[in-house]
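What you see is a predicted model, and the numbers here were worked out from it, not measured in a lab.
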Amino acid sequence: MGSPHPQGCGLFSSVDFRIDDAVNDARPAAPATLKYSQAFGVFRWEVKLGKEVKSPCVSLCKLKHEVCTGCGRTRDEIKDWKSMKRKAQLETVHLAAKRLKALKKK
């Protein structure tokens, strides 16, 4: 998933998505730049990676069907957060944001 920035300025990570996802605010939680990959025919968010992933916890913890209505993480994701590898934490943040968006639509 990680790829060097074209100008070699540091480590970046890319997330693939369709243009309609971009319109629907699929932007990652970290600062990111939207890039188009001609090789794959998709848009990508390029995210400059720091060392630590900030927890999505907003201290409004209430579980509904095993998902926190405050941060969007599952019970297991909350429990395992500190032991997760960085890549797993980034994926959890992304999935939690999608879950939160779905919860707010209901």
Side-chain angles (χ1 to χ4, degrees):
M1 189 165 160
S3 62
H5 185 273
Q7 290 140 357
C9 328
L11 185 62
F12 281 74
S13 177
S14 298
V15 178
D16 292 345
F17 60 94
R18 296 183 321 267
I19 189 63
D20 58 336
D21 290 333
V23 173
N24 293 325
D25 198 23
R27 184 182 189 112
T33 305
L34 183 61
K35 302 279 183 171
Y36 181 73
S37 170
Q38 289 182 347
F40 298 105
V42 295
F43 285 88
R44 294 179 158 225
W45 285 112
E46 272 195 355
V47 181
K48 179 135 180 154
L49 301 178
K51 292 186 183 221
E52 206 173 300
V53 178
K54 187 175 184 295
S55 170
C57 182
V58 294
S59 298
L60 297 172
C61 308
K62 184 177 178 185
L63 294 177
K64 182 177 181 180
H65 306 292
E66 297 293 313
V67 175
C68 178
T69 58
C71 70
R73 292 181 294 169
T74 65
R75 180 186 300 268
D76 288 338
E77 289 168 343
I78 295 167
K79 180 180 61 124
D80 298 338
W81 180 259
K82 288 189 177 187
S83 64
M84 284 181 181
K85 300 270 186 198
R86 187 175 191 294
K87 189 174 180 178
Q89 287 181 336
L90 287 170
E91 181 67 18
T92 297
V93 169
H94 177 73
L95 292 173
K98 284 178 126 178
R99 285 188 208 112
L100 255 183
K101 194 171 186 177
L103 280 174
K104 289 180 181 181
K105 285 183 179 180
K106 291 181 180 181

Rounded to the nearest 0.5 Å, what's the gap from NZ on Lys54 to SG on Cys57? Could you check?
9.0 Å

Within the side chain of Glu77, is there an N or O that forms a donor-acceptor pair under 3.5 Å with the backbone of Thr74?
yes

Rounding to 0.5 Å, atoms SG (Cys71) and CD1 (Ile78) come to a distance of 4.5 Å

Report the distance from atom CE of Met84 to atom CG of Asp76, rounding to the nearest 0.5 Å.
8.5 Å

Distance from Asp80 atom CG to Lys85 atom NZ, nearest 0.5 Å?
13.5 Å

Full working for side chain to side chain contact (heavy atoms under 4.5 Å, CB included) between Val93 and Val53
CA-CA 9 Å; Val93 169; Val53 178; 4.0 Å; yes

Under the salt bridge (Lys or Arg N to Asp or Glu O under 4.0 Å) rule, what pairs show up with a residue in residues 59-75, not counting sequence neighbours?
Glu66-Arg75

dist Leu90:CG -> His94:NE2 (nearest 0.5 Å) comes out at 11.0 Å

Who else is in Val58's hydrophobic cluster (ILVMFWY, side-chain heavy atoms under 4.5 Å, direct or via others)?
Leu60

Does Gln89 use its side chain to pair, donor to acceptor, with the backbone of Trp81 at less than 3.5 Å?
yes

Hydrophobic clustering (ILVMFWY, side-chain heavy atoms < 4.5 Å, transitive) - are Leu63 and Leu103 grouped together?
no

